[in-house]
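Throughout, protein chains are lettered first and strands after them, A, B, ... in sequence-line order, and every chain is numbered starting at 1. Owing to the predicted nature of the structure, the values given are computational and were not obtained by experimental measurement. What you see below is based on every heavy atom in this structure, not just the backbone, and it leaves out hydrogens, waters and symmetry mates.
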There are 2 protein chains.
Amino acid sequence: MPEPKYQRIADDLLLQIDQGALRPGDRLPSEPELSEAYAASRNTVRLAIASLMNRGLVVPRQGLGTFVAEEIIPYTVRLSAEQGSQEGSQGGAYVSAVKMAGRNPEILRFVVEVQHAADDVAERLDIPAGESVVVRHAERLIDGQPWSMLTSYYPMDIASGTPLERAGHIAHGAIRLLAELGHEQISYRDEITARMPDLTEYNFFHLPGGVPIIAVDRTAYDAQRPIRFTRHIYPADRNRMAYDLGTLPDRYAGLPKQPPRPPGRPGSTQRAS
Amino acid sequence: MPEPKYQRIADDLLLQIDQGALRPGDRLPSEPELSEAYAASRNTVRLAIASLMNRGLVVPRQGLGTFVAEEIIPYTVRLSAEQGSQEGSQGGAYVSAVKMAGRNPEILRFVVEVQHAADDVAERLDIPAGESVVVRHAERLIDGQPWSMLTSYYPMDIASGTPLERAGHIAHGAIRLLAELGHEQISYRDEITARMPDLTEYNFFHLPGGVPIIAVDRTAYDAQRPIRFTRHIYPADRNRMAYDLGTLPDRYAGLPKQPPRPPGRPGSTQRAS
DNA sequence: CAGTGGTCTAGACCACTGC
DNA sequence: CAGTGGTCTAGACCACTGA
């Protein structure tokens, strides 16, 4: 048997989804129905469905059935700073950007603490591993939905004795505060990776199966040294990151309202089995 | 039973991996062994292992056993252009950048064709959907390993009658050629998303389970309009994207040689179940 | 209530690996 | 060859949902 039976079933369902016979929101045939239709045991049918779940194509709902995943309109996060208005982190920049997009931002579970720097944090801040750092953690919502988690790390010698090491919001944003402290942010490096979520992320974002997260690690510098390291975690199904480099022609400078369909390799909609 | 048995087994194995009792490359106990140890059926054990596979933590090898996934040192892709040396695509920029990192670049399956623009491509190029576009597709290797796939789309009126619509490499890179054609690239927008791989990507990259791909969609502009749209696909387990914005202090300007451990939420190594 | 997916068992045969 | 994971069956009981 060159093609396992469960894969044939999965391919068949996939085809129906791709061709539109099953549209987003539609219910799949129940497991007993599929079992009958393909002359397979229920376990085999479940294997097929599991492979679709792992790719985020279908979502099971207890007592109801299994449904083709709905398409989500991604929110575009602009990560390149316009001149003069550097992008903040916990600060007002996020709130105003989201409001401008006609959506409602909230901030949850704001936590401030002192930790020993892990290897990756220490390397970015150019301090010895294990050194104390001030950590500010926040969880953001948009329109009541969990949208991103972020954690900022400040070198102790910069944050110590400032509002940064105390809980609560920073009046005009952390970047402004850092500048007043003599550490004007003049550059940053972003490092972007993607992976499957860990348990915390999975729970916070209510992620369905088959949805990775995008991690944006931003190291901010003043003229001499790193002044802050921030890790943003975004669920990949409802976010996309954007960088504008150079000056775009005026009419293309805005962000698209209605983003086109999510990227795939055009001309082949087939998914991995 | 608040905790299903298969999840308890998965959590237990996860703990052993996190705590180092099982290190990368180690073989897990065989399924019959686990079945015995946890007083569970083999199917239940397999359920537990499947959940670890879906997160890319373990890799099964037929006839040998199931092994803890090896760590991979990611290659850092610098996506921000330095002034004066705009980043190319199929061109020499990639080859020289990789060589500079002491690795061996190759290009596979170079394909050039004319297609009708899909919605997303048409929107980026600001042309009507279905319009003809010149498509150039390439697959890249580094050190013999599949590393990225890229597809560039050119508006017909720009590429027509030029080397762009013919197969083969462009002498000094496509950007230089575009400039000579009167379309100097002065800016671009990158849009970054992540998702699970489709079948083509899965096969080309030899992806283990639980590894997403990163898609970088770059729209390049001259002073007036979009002149090219490029979609890069990178496997997320061996690549990270980097943007430098502003001028970094000299000693921090280079890319890190030995990247630190992959990002997670520091202080909690637990993964989703 | 009947129907759905979630969990679990106890078997079976196969293909592949290293010895 | 014996041991591994890959596939598959035919049952069972449960928790959850909507009517």
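- Whole-Å rounding puts the Met53(A) CE to dT4(C) C1' distance at 14 Å.
- Between the CZ atom of Phe67(B) and the C1' atom of dG3(D) there is a distance of 12 Å, rounded to whole Å.
- Between the side chains of Asn43(B) and Tyr6(B), not a single donor N or O lies within less than 3.5 Å of an accepting N or O.
- For the ring pair (Phe, Tyr, Trp, His ring centres under 6.0 Å) test, residues two or more places apart in sequence or in another chain that qualify with Phe229(B) are Tyr153(B).
- Atom CZ of Arg27(A) has more than 12 neighbouring heavy atoms from other residues, nucleotides or ligands inside a 6.0 Å radius.
- Using a 4.5 Å heavy-atom threshold, the side chains of Pro74(B) and Thr76(B) count as separate.
- The cationic atom of Arg8(B) (NZ for Lys, CZ for Arg) does not lie both less than 6.0 Å from the six-membered ring centre of Tyr38(B) and within 45° of the ring axis.
- Note on Arg124(B) versus Glu191(B): salt bridge recorded, some NZ/NE/NH1/NH2 to OD/OE distance being below 4.0 Å.
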For nucleotides 16-19 of chain C, which of its nitrogen or oxygen atoms have a protein nitrogen or oxygen under 3.5 Å away, and what is each distance?
residue: dC16(C); atom: O4'; partner: Gln62(B); partner atom: OE1; Å: 3.3

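- There is a side-chain donor-acceptor pair under 3.5 Å between His137(B) and Thr151(B).
- In summary, Arg55(B) and Asp198(A) do not engage in a salt bridge, as defined by a charged side-chain N under 4.0 Å from a carboxylate O.
- Looking at residues two or more places apart in sequence or on another chain, you find a side-chain contact (heavy atoms from CB on, under 4.5 Å) between Ser35(B) and Val45(B).
- Residues of residues 31-44 of chain B that place a heavy atom closer than 4.0 Å to DNA chain C, in numerical order, are Ala39(B), Ala40(B), Ser41(B), Arg42(B), Asn43(B), Thr44(B).
- With a 3.5 Å limit on both pairing distances and Watson-Crick or G-U wobble geometry required, the stems of 3 or more pairs in DNA chain D span C:1-18 with D:1-18.
- Glu3(A) has its CD atom 16 Å from the C1' atom of dC14(C), to the nearest Å.
- Between Arg231(A) and the choices Leu150(A), Asp217(A), Val216(A), the side chain to side chain contact (heavy atoms under 4.5 Å, CB included) rule is met once, by Asp217(A).
- Taking every heavy atom of residues 21-29 of chain B and every atom of DNA chain C, no pair lies under 4.0 Å.
- Counting heavy atoms from C-beta on, the side chains of Arg78(A) and Tyr243(A) never come closer than 4.5 Å.
- Using a 4.0 Å cut-off between a side-chain N of Lys or Arg and a carboxylate O of Asp or Glu, Glu201(A) and Arg195(A) qualify as a salt bridge.
- Between Arg46(A) and dG6(C), a side-chain N or O to OP1/OP2 separation shorter than 4.0 Å is present.
- Distances shorter than 4.0 Å separate some side-chain N or O of Lys5(A) from OP1 or OP2 on dT9(D).
- Per the geometry, CZ belonging to Arg61(B) stands 12 Å off P belonging to dG5(D), to the nearest Å.
- For Glu33(B) (side chain) and Ser30(B) (main-chain N/O), a donor-acceptor pair under 3.5 Å exists by modelled atom type.
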